[in-house]
Q: 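Okay, handing you the structure first.
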Amino acid sequence: HYLRYDISRDGRRLAAVVSTPDGQELRVYDLVSGQRQVWLRGGYIGGLYWNQGGDRIVVKVRNAPIGDRRWLAELGGSA
């Protein structure tokens with residue numbers, strides 16, 4: 001069950017925050033191929049939004065291993 005989610009503008013990807021025993025994960029589902037990737041883990045992941053181009057996700061992570069911060073995750077990696 002998804003705590004938060006957003007679908008990319010092209011409708012090909014679903015970014016979703018799910019609860020885990022250790023906190024929360026940001027997962028990206030490719031709705032065409034059915035594949036799933038875990039992009040981030042943290043105590044709380046909020047503010048989940050795809051950019052207009054559909055190639056980046058902005059989230060805020062609290063209680064991450066390196067402290068609270070904003071993430072801009074890009075397809076193929078994260079920054």
Side-chain angles (χ1 to χ4, degrees):
H1 135 261
Y2 304 134
L3 302 172
R4 285 166 289 293
Y5 66 90
D6 194 24
I7 297 175
S8 62
R9 292 202 181 253
D10 65 5
R12 295 183 52 153
R13 294 176 189 89
L14 171 75
V17 176
V18 298
S19 183
T20 68
D22 296 324
Q24 297 180 357
E25 290 181 346
L26 170 62
R27 297 179 183 173
V28 176
Y29 298 86
D30 184 317
L31 300 176
V32 176
S33 71
Q35 293 186 350
R36 170 187 87 163
Q37 291 182 319
V38 175
W39 280 16
L40 296 172
R41 291 184 174 93
Y44 174 85
I45 301 173
L48 172 63
Y49 302 101
W50 283 98
N51 72 333
Q52 288 187 344
D55 60 346
R56 296 178 185 163
I57 304 169
V58 176
V59 295
K60 177 165 179 133
V61 181
R62 290 191 202 140
N63 300 322
I66 56 173
D68 294 0
R69 65 184 298 181
R70 277 200 186 275
W71 287 83
L72 174 65
E74 295 188 53
L75 292 177
S78 63

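Sequential numbering from 1 along the given sequence is applied to the chain's residues. Since the model is a prediction, treat every value here as computed from it, not as a measurement.
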Q: Which of these passes side chain to side chain contact (heavy atoms under 4.5 Å, CB included) with Leu26: Val38, Val18, Leu48?
A: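 Among Val38, Val18, Leu48, the one that satisfies the side chain to side chain contact (heavy atoms under 4.5 Å, CB included) with Leu26 is Leu48.
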
Q: Between Glu25 and Arg41, what is the shortest heavy-atom contact and its length?
A: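 Smallest interatomic distance, heavy atoms only, reads OE2-NE, 3.0 Å.
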
Q: Give the cluster check for Trp39 versus Tyr49: same hydrophobic cluster or not, with ILVMFWY residues linked at side-chain heavy-atom distances below 4.5 Å.
A: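 No, it is not one cluster - the side chains of Trp39 and Tyr49 are not joined through contacts under 4.5 Å.
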
Q: Which pair of non-hydrogen atoms, one from Ile57 and one from Ala15, has the smallest distance, and what is that distance?
A: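 In this case the closest contact between Ile57 and Ala15 is CD1-CB, 3.6 Å.
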
Q: With distance as the sole test, does Asp30 use its side chain to make a donor-acceptor pair with the main-chain N or O of Gln35 at under 3.5 Å?
A: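 Checking the backbone N and O of Gln35 against the side chain of Asp30, no donor-acceptor pair under 3.5 Å is found.
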
Q: In terms of hydrophobic clusters joined by side-chain contacts under 4.5 Å, are Tyr5 and Val59 together?
A: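 As far as the 4.5 Å side-chain criterion goes, Val59 and Tyr5 are not connected within one cluster.
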
Q: Can you sort out the partners of Tyr2 under ring-ring contact (aromatic ring centres under 6.0 Å, His included), two or more places apart, ordered by chain and number?
A: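 If we apply the ring-ring contact (aromatic ring centres under 6.0 Å, His included) test to Tyr2, skipping adjacent residues, the hits are Tyr29.
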
Q: Can you list the steps and then say if Ser8 with Asp10 is a side chain to side chain donor-acceptor pair (under 3.5 Å)?
A: CA-CA 5 Å; Ser8 62; Asp10 65 5; 2.6 Å; yes

Q: Are Ile45 and Leu3 joined in one hydrophobic group, where the rule is that I, L, V, M, F, W and Y side chains link up if heavy atoms are under 4.5 Å apart?
A: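 Per the 4.5 Å side-chain linkage, Ile45 and Leu3 are co-clustered.
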
Q: With rounding to the nearest 0.5 angstrom, report the CG to CZ distance, Leu40 to Arg27.
A: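 Taking CG in Leu40 and CZ in Arg27, the distance rounds to 12.5 Å.
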
Q: Which residues pass the side chain to side chain donor-acceptor pair (under 3.5 Å) test with Gln24, sequence neighbours left out?
A: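 With sequence neighbours excluded, Gln24 shows a side chain to side chain donor-acceptor pair (under 3.5 Å) to Arg4, given in chain and number order.
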
Q: Name all residues meeting the side chain to side chain donor-acceptor pair (under 3.5 Å) criterion together with Arg12; count only those two or more places apart in sequence or in a different chain, and write none if there are none.
A: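 Arg12: no side chain to side chain donor-acceptor pair (under 3.5 Å) contacts found.
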
Q: Measure from the side-chain N and O atoms of Trp50 to the backbone N and O of Asp6, and report whether any donor-acceptor pair falls under 3.5 Å.
A: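 Indeed, once roles are kept as given, a pair shorter than 3.5 Å links the two residues.
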
